[in-house]
Amino acid sequence: MPSHTTTKQANLTFLRVAITVQTVAVFMQAITAGLLLSSPSGEALHRAGAYGTWFVVLLHVVAAILAWRPGGGSPKPILYAVGFLVAASAQVALGIAQVKAVHVPLGALMFGMSVLQLVQIRTDRRAYGAAAT
């Protein structure tokens, strides 16, 4: 039985790390958006950061699945992760299409959502199942 508890804890730690990295990546996108306005190299940084952020969000989905299925946690984080993946995909598409009127507010919303997820996984043990102990 101890190995099952260790697996649960390791999967939850992976989920915590994924959400933390996601939050940092989204915050860095805000910084590179500012550079985009003030520097010629800002566009390349913002574009690279966009694809990097999308990959990190995909990692968040994988971590949520691992925390649920083999770890025995709640499936609720999967819904949050998939919703965030949809938002990140829309954000990339809107950025490519240069629809700034939606791109910028959605980016701010994504940062707020990510911070809320981060706070929730660190404080609300019920939402993430018994593995959160």
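In this chain, residues are counted from 1 in sequence order. These figures come from a predicted structure and were not determined experimentally. FYI, side chains are in, hydrogens and waters are out, and symmetry mates aren't considered; it's all heavy atoms of this structure.
- Below 30°, between 30° and 60°, or above 60°: for H103 and H46 the angle between ring planes is above 60°, a perpendicular geometry.
- To the nearest 0.5 angstrom, M110 atom CE is 7.5 Å from T53 atom OG1.
- L15 and A67 make their closest contact through CD2-CB, 4.0 Å (heavy atoms, listed as atom of the first residue, atom of the second, distance).
- Nearest heavy-atom pair across A18 and A63 is CB-CB, 3.9 Å.
- Of all heavy-atom pairs between L106 and A87, the closest is CD2-O, 3.8 Å.
- Among all heavy-atom pairs drawn from V102 and L94, the shortest one is CG1-CD1, 3.6 Å.
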Practice task
Could you walk me through whether M28 and V24 pass side-chain contact (heavy atoms from CB on, under 4.5 Å), step by step?
Solution key: CA-CA 6 Å; M28 292 304 296; V24 170; 4.2 Å; yes
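- L66 and L79 end up in different hydrophobic clusters when Ile, Leu, Val, Met, Phe, Trp and Tyr side chains are linked at under 4.5 Å.
- W54 and S89 make their closest contact through NE1-OG, 2.8 Å (heavy atoms, listed as atom of the first residue, atom of the second, distance).
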Handout entry: Full working for side-chain contact (heavy atoms from CB on, under 4.5 Å) between L35 and E43
Key = CA-CA 8 Å; L35 288 173; E43 182 179 356; over 6 Å; no
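- When the side chains of ILVMFWY residues are joined at heavy-atom separations under 4.5 Å, either directly or via intervening members, I78 and M113 end up in a single hydrophobic cluster.
- Within the model, atoms CD of Q91 and CG of L85 stand 13.0 Å from one another, a figure rounded to the nearest 0.5 Å.
- Taken together through direct or relayed side-chain contacts under 4.5 Å among Ile, Leu, Val, Met, Phe, Trp and Tyr, L109 and V26 form part of one hydrophobic cluster.
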Problem - Worked check of side-chain contact (heavy atoms from CB on, under 4.5 Å) between V61 and F84 - result: CA-CA 9 Å; V61 173; F84 209 88; over 6 Å; no
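- For the atom pair F14 CZ and H60 NE2, the distance stands at 10.0 Å (nearest 0.5 Å).
- Note on V21 and L45: separate hydrophobic clusters, where clusters join Ile, Leu, Val, Met, Phe, Trp and Tyr whose side-chain heavy atoms are under 4.5 Å apart, directly or indirectly.
- Following chains of ILVMFWY side-chain contacts shorter than 4.5 Å, one can reach W68 starting from V57, so the two form part of one hydrophobic cluster.
- Without hydrogens or angle criteria, T32 side chain to Q29 main chain gives a donor-acceptor distance under 3.5 Å.
- Between the CD1 atom in I19 and the CD atom in Q120 there is a gap of 8.5 Å [rounded to 0.5 Å].
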